[in-house]
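Worksheet: one structure, shown below.
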Amino acid sequence: MFKKRWTLFFAIIVLIGCTACAESVTLSQRGIVKGIYAEWKDANYQVGLVLIQGLEDEKPEVTLSYGKGETLAQALQKAEQSNDSTVFYGQNQLLFVGENASSKKLGEILDYFSTEQSNRPNMAVYVTKENLDKFKDWSEEKDFFQQLNFLEKDLETNKKQARMIYELNQGGDQAEGLVPLLDKKDTVKTDQLVLYKDNQPIELLNQSESQLARLLLGNPVTLEFLKEYQGETLRYTVDSPHISYHIQVENEKPVLEIQLKGTVRAIIAGTAQHQAELSSWKQRKELSKVFSAQITQEIQNLFEKTWNKQTDPFGLSWWFGLWNSKWYQTHYPNGELWKYDSIKINTQIKVV
Amino acid sequence: MPHKTLINGEQLTIAVYLCLVCDSLIRPIAGGASIEAYGRIFGAFICATLVFVIFKIFLKKCRQEEFTAMLAGKSKGSSVVLVLLAACFLFGAARSVQQSETFYRYAGGQSLPLTLFLVILLGICLYSAKAGLESLLRTGVILSVFLVGSLLLIVVANAPQMRLQNLQIPNQPIQSILKSCMAGFNLTPELLLIAVFGHSCRQQKTVGMLAKILMLVVFSDLLFTIVSELVLGQFEALQVQPIHTLARLGGISVFRRLDAVHVSIWLLIAVFRTAILCAGLVDVIRPLVSKAKKQFVVWTMAIPIFLLALLMYTVPELAQQWTETSLVFLAGISIVISMRKGQVHV
């Protein structure tokens, strides 16, 4: 009995000793990272850590901590050392890539953060047109913290289909795919996407193309378009658009038919009279055709900028592999899919 | 001395399953992440069938009475068998200790010094082994509930990120299946536990247990493989611990760091696996030592496990796997041979 008690006592002492309470850091000593900014200038990395300090206080303080170094790790270390708090990365969800780094070092930056343990592999990546000074100015704006919160909220609702590190890093330091461009002229916007191929930005998609791109990336979106019709501008919304894929064989070659189906319930016309005219059955039938043709054209424009540049940010080639893996393995590496019209678009919009 | 009490077959099934699934959870590149899901799934089926065939023959040979006598050290050649079994469990325990520490260091960021970690882990495991198999098996049932929760949480938390297009098209299907079999085939000492601890059960029952365990393991691997490829796609090949990455990625509502919950459950399972291997080791060593030394057996086992665990850090993963497989195979063969020749002199 006596022996048992001593064993238990010893076990409790060991367990208490292992809880690491002795080296605990209180919340007020912590600098919670809310965002990381990375830039490349004069063969050096510049890093800015957006830190929130004093979370226990009523008004937590937002500061930017800088660091510079030949490698990203060195720059981050310097940034950590340049403030008094113990930096905590666990909650950070935002990675901003500066103007210069976004055109030269995106792959390396993504590679670093995808293998680094203290950060999350699902940080949302944004390329920006800001250099370090401009980013500093932004961080000093009064509503900077709210703007970051806005971006985070967007991630939770998943409305804008943020692109995560793990979706863009193709192994090694190669970045490929679509990355949102952060625009903060009046309010924070991430409506435009930049296409990367072999680590280089090759195209900028406008808002209209980006919404279609997000749909093709598998995100539930509502599409909004403007259309000149009978001398007036109409604004319409396609609700719950749905995409399906089918492979057809034409002239002994596979063709991927992308079928987009959707319903238009809301059309806003310029005048009340025109609005009333649009509700007739005949008009609705006519508009269904007009909108379908417009969206087909929009998708073709999007493909002109993406697929036709011999890139596959939407993973379309996968459907060819699914159709016939042998054909895919022999023809895909030779770029066969880009040698003929391998994609066909079919849009069926219904105005109700 | 072998266990005299009747072991609950279901508890033992759960315990062995936990030990095997632990491998997928904490071993680096456990699933061979560079191989497509296609190859890995077929590989898992082939490996499981092979293991089943080999172990079925083995379990059929382990006739209850003779096997009990052998484990008690009372039949011809039983000391050789017991030494081989001890070698298997020793190797398994050391490997489990090394894997647990590596995972703890990988997932934890800040960690305890290696020696301190090993001392504490071995202290806990050997104490549990001393506490008895029944209590260990009961703990296994509780852990299995946690594991199911953890797996469900991974699937639910990652569901929004799954993309069908992430499933890779097999380049050379046959080659990738063969590669997967090479990387995944492993006769583990945990499987011997079915024989060592389950010998009091009927033979049919042990074969049924084996089938259940292997089916559960294949199902878990199927789940891990498909979910990780659906979510990570090509990025999976870059991961040291794909399932841990899934745990880090997933989030439900505002809960974004669920990995802490997963890691603690997986580490508990790793401790459980080490403890049950220690229990196996102690069980087969006891008949080999004299009566006076029996009470010291448990704690003295810490020394060989500790040293072998340190040695494991220098041995490559694949070499460890095949050494373990050969040891288990050898132990199995020796049991079968001595069963044929053995004469029970009770």
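In the text below, chain A, chain B and the rest are named by the order of the sequence lines, each starting its count at 1.
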Legend entry - CZ on B:Arg248 to CG on A:Asn119, rounded to 0.5 Å: 8.0 Å

Inset, instruction - Using a cut-off of 6.0 Å, state whether more than 12 heavy atoms not belonging to A:Lys197 lie near its atom NZ. - result: yes

Inset, instruction - Against chain B, label A:Asp312 side chain, backbone, both or neither, depending on which of its atoms sit under 4.5 Å from a heavy atom there. - result: neither

Legend entry - Side chain, backbone, both or neither of B:Ile120 within contact of chain A (heavy atoms, under 4.5 Å): side chain

Inset, instruction - Return the option, out of B:Leu232, B:Leu164, B:Ile124, with the maximum number of heavy-atom pairs under 4.5 Å with chain A. - result: B:Leu164

Legend entry - B:Ile174 atom CD1, neighbour heavy-atom count above 12 within 6.0 Å: no

Legend entry - Enclosure of B:Met162 CE (heavy-atom neighbours >12, cutoff 6.0 Å): yes

Inset, instruction - Determine whether more than 12 heavy atoms belonging to other residues, nucleotides or ligands lie under 6.0 Å from atom OH of A:Tyr245. - result: yes

Inset, instruction - Go through the atoms of A:Tyr328 and report whether side chain, backbone, both or neither lie under 4.5 Å from a heavy atom of chain B. - result: side chain

Inset, instruction - Inspect the surroundings of NZ in A:Lys309 and state if more than 12 heavy atoms from other residues, nucleotides or ligands are less than 6.0 Å away. - result: yes

Inset, instruction - Would you give the length of the straight line joining atom CZ of A:Arg120 to atom OG1 of B:Thr245, rounded to the nearest 0.5 angstrom? - result: 12.5 Å

Inset, instruction - Evaluate whether atom NE2 of A:His246 has more than 12 neighbouring non-hydrogen atoms of other residues, nucleotides or ligands under 6.0 angstrom away. - result: yes

Inset, instruction - Would you confirm whether A:Trp318, through its side chain, and B:Leu167, through its main-chain N or O, come within 3.5 Å as a donor-acceptor pair? - result: yes

Inset, instruction - Taking all heavy atoms of B:Val231 and all of A:Tyr166, pick out the closest pair and write down the distance. - result: O-CE1, 3.4 Å

